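Written out below as structure tokens is the structure these notes cover.
Numbering of ligands and ligand atoms starts at 1, following listing order. Just so it is clear, the structure is predicted and the values come from calculations on it, not from any experiment. Residue indices begin at 1 and follow the sequence shown.
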Amino acid sequence: MNRIVAKFGGTSMGSAKAMRSASAIVKASAADPEGIEGCEIVVVVSAVSGTTDALIGLGRTAVSGGDWEQTITAIRDKHAVIVAELGMAVDLAEFFVEMEQIARGVAMLGELSPSTLDRLQSFGERMSATIFAATLRDDGANATMVDAFHLVATDNQFGSANVDFAETARRTNAMIYPLSPPSSIPVITGYIGQSESGSYVTLGRGGSDYSGAIVAAAIDATELQIWTDVDGMFTADPRFIDTAVVLEQLSFSEAGELAYFGAKVLHPKTIRPAIEKNIPVRILNTFNPTAPGTVITNEERPTVKSVTSKKGITIVNLCSLGMLDAHGFLAKIFDAFARHEVIVDVVSTSEVSVSVTVDRDVPAELIDELRTFSVVDVQPSMAIVCIVGEGIRTEPNVLGKLFAAVGSVPVSMVSQGASKRNITFVVAESDASTAVEKVFHAFFSSTVL
Ligand code: ADP
Ligand code: ASP
Ligand code: MG
């Protein structure tokens, strides 16, 4: 029997109409033509689109003495409209009582801890899962809202918690299987879990995809479906390149690289649990459910797949104070980054200088430490542009074609991963869209710019 985990994103939860479409998709899968026993389906949902931003805004408004009550009213109204348009009675009052208590406490103390901010954000998925389970029931299915607080066990890293997969699998199987079809379809909150200290935590922005993969791995699902607002993974972000086309298939590694370097359609952590359990991941469109989507598997097809970009990058250029042949320079650099818990994305080196990129601000203490053994130059407002595909290994002259395409756009760094599955280069943020367009036209379109 098929065991599907279907994750629905924020836009798929974003209106009454979208919820009904998602509900129809779940019902069709649950009644899978594969057999009378049907297919076991477990649902994971994001918050209604915009809600997580609003809840973060709520915390920040409260802590800074602003009008937080107005923010709560906006969140309440948005959910009330969806529920009213669904024509159902769904009681969300207890969430708003708790939300208000927390916001009042934050405002009174003038303090917003990472743990409190995560607890505030948890209301987004808890409310959408409650509404969506009610929608499924209204459409004649049996469904139960399940709070991932009881399933996903993590450490205490609020804001981007690390998951204890063994404990999560134990809890998930113990909780879900008494609920599983034919008795009831579990509708699990994405994005959240329970910290070691027993509080709500979040898994990082966009993390409901990851929740889907965590649940899929826990129950040994046969497929993880990511239902979103586009037809699959495209050759470039379809929001910016209107001639981009949907890819039929990607390898796990390709999808991982694309997600990591900016293809927002998939959260970068989603792929790891899928690889470990070899679970195919299918990206599908809630608003065009008959489109075949993109399937991500362990099969490696030797073509160049997609171009992506990630803004908000900072380059740190480091030049050794010592002379040529000074050994231990790289080790010292990476040791300093590791101790300050700053993740390095792209690296390029010469004999005496090293450039690295990070996707956050560089802490002043790290810069001070780097200055004890190198000349440091920091370049903010940069973007990584990345071309991905198993074909980079096999197609002749990919680099030549790439640089001919980029042409006059100034490139600050270039790097080719050891896997030879990607080539990344770094440009000024303001040049990113032009660079992506030029690369796109050179590799994926017959119109060369
Ligand atoms: P959800 O709310 O369903 O999780 P997201 O907004 O997180 O959806 O991701 C979907 C968006 O990802 C699309 O609307 C699209 O603009 C963006 N995206 C970026 N790169 C790509 C790509 N290569 N292929 C498809 N979508 C992409
Ligand atoms: N609601 C969360 C966010 O907006 C998680 C998600 O949608 O995947 O980041
Ligand atoms: Mg997303």
Side-chain angles (χ1 to χ4, degrees), residues 6-15 18 21-22 25 44-57 75 117-118 120-129 148 152 159-161 188-193 200-214 225-248 250 254-270 281 283-288 291 293-294 296 304-311 385-389 432-433 436 439-440 443-444:
K7 177 264 172 179
F8 291 89
T11 36
S12 308
M13 295 288 110
S15 65
S21 307
I25 290 164
V44 174
V45 295
S46 289
V48 168
S49 55
T51 305
T52 306
D53 286 341
L55 289 163
I56 294 172
I75 297 171
L117 187 59
D118 275 9
L120 276 178
Q121 290 179 73
S122 75
F123 293 113
E125 272 69 11
R126 287 156 76 195
M127 292 194 292
S128 62
V152 178
S160 62
I188 304 173
T189 55
Y191 190 46
I192 57 183
Y200 273 100
V201 283
T202 63
L203 303 175
R205 292 306 306 271
S208 295
D209 298 338
Y210 186 34
S211 301
I214 293 165
Q225 298 178 343
I226 303 286
W227 290 91
T228 184
D229 58 0
V230 286
D231 279 352
M233 181 74 86
F234 281 64
T235 46
D237 186 343
R239 209 171 289 178
F240 301 110
I241 308 265
D242 56 13
T243 49
V245 294
V246 185
L247 294 155
E248 183 195 356
L250 284 171
E254 288 171 330
E257 304 260 11
L258 282 169
Y260 192 78
F261 289 112
K264 189 184 167 229
V265 65
L266 204 60
H267 187 276
K269 287 187 180 168
T270 314
V281 180
I283 304 178
L284 294 153
N285 190 349
T286 305
F287 307 94
N288 184 18
T294 300
I296 304 165
V304 181
K305 300 295 189 319
S306 186
V307 55
T308 184
S309 71
K310 185 171 163 185
K311 292 186 175 168
V385 178
C386 181
I387 175 166
V388 172
S433 333
V436 167
V439 172
F440 176 81
F443 284 88
F444 306 110

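- Near ligand 2, residues S46, A47, T52, E125, Y191, R205, G206, G207, S208 come within 4.0 angstrom through at least one heavy atom.
- Separation of atoms CG (L250) and CG (L266) is listed at 9.0 Å; rounding is to 0.5 Å.
- Protein heavy atom closest to atom 24 (N) of ligand 1, with residue, atom name and distance, is F234 N, 2.9 Å.
- Any N or O atom pair closer than 3.5 Å counts here, and K264 shares at least one such pair with ligand 1.
- Closest heavy-atom approach to atom 17 (C) of ligand 1 within the set V245, D237, I283: this belongs to D237.
- Listed for the E257 side chain is no donor-acceptor partner under 3.5 Å among the backbone atoms of V388.
- Here the side chain of D118 pairs no donor or acceptor atom with the backbone of V201 at under 3.5 angstrom.
- Looking only at distances, a side-chain donor or acceptor of T189 sits under 3.5 Å from a matching main-chain atom of A148.
- At least one N or O atom of V265, backbone or side chain, sits closer than 3.5 Å to an N or O atom of ligand 1.
- Distance alone, capped at 3.5 Å, places no donor-acceptor pair between the S208 side chain and the S211 backbone.
- Residue contacts with ligand 1 leave out T308, since none of its heavy atoms falls under 4.0 Å from the ligand.
- Residue A236 places a heavy atom under 4.0 Å from ligand 1.
- A cation-pi contact, defined as under 6.0 Å to the ring centre and within 45° of the axis, is absent between K305 and F234.
- You'll find the side chain of V436 stays beyond 4.5 Å of the side chain of V439, heavy atoms only.
- Checking only distances, M233 never comes within under 3.5 Å of ligand 1, N or O to N or O.
- Looking only at heavy atoms of the protein, atom 25 (C) of ligand 1 is closest to G232 O, 3.2 Å.
- Polar contact check, K7 against ligand 1: a nitrogen or oxygen pair lies under 3.5 Å apart.
- Between I192 and L203 the shortest side-chain heavy-atom distance does not fall below 4.5 Å.
- Here OG of S46 is found 10.0 Å from OH of Y191. Values are rounded to the nearest 0.5 Å.
- The protein heavy atom nearest to atom 14 (O) of ligand 1 is R239 NH2, 2.6 Å.
- Heavy-atom proximity to atom 8 (O) of ligand 1, evaluated over T228, D209, I226, V388, is greatest for T228.
- Looking at L247 and T235, their side chains come closer than 4.5 Å, going by heavy atoms from C-beta outward.
- Between T286 and F8 the shortest side-chain heavy-atom distance falls below 4.5 Å.
- Inter-residue side-chain proximity for E254 and I296 is flagged as unmet; no heavy-atom pair is nearer than 4.5 Å.
- Distance from atom 2 (O) of ligand 1 to its nearest protein heavy atom, with residue and atom name: G10 N, 3.1 Å.
- Polar contact with ligand 1: absent for G262 (N/O pair, distance under 3.5 Å).
- Residue-ligand proximity: S46 is placed with every non-hydrogen atom at 4.0 Å or more from ligand 1.
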Handout entry: Pair D53-R205, salt bridge (charged side-chain N to carboxylate O under 4.0 Å, His left out): steps then yes or no
Key = CA-CA 10 Å; D53 286 341; R205 292 306 306 271; 3.0 Å; yes
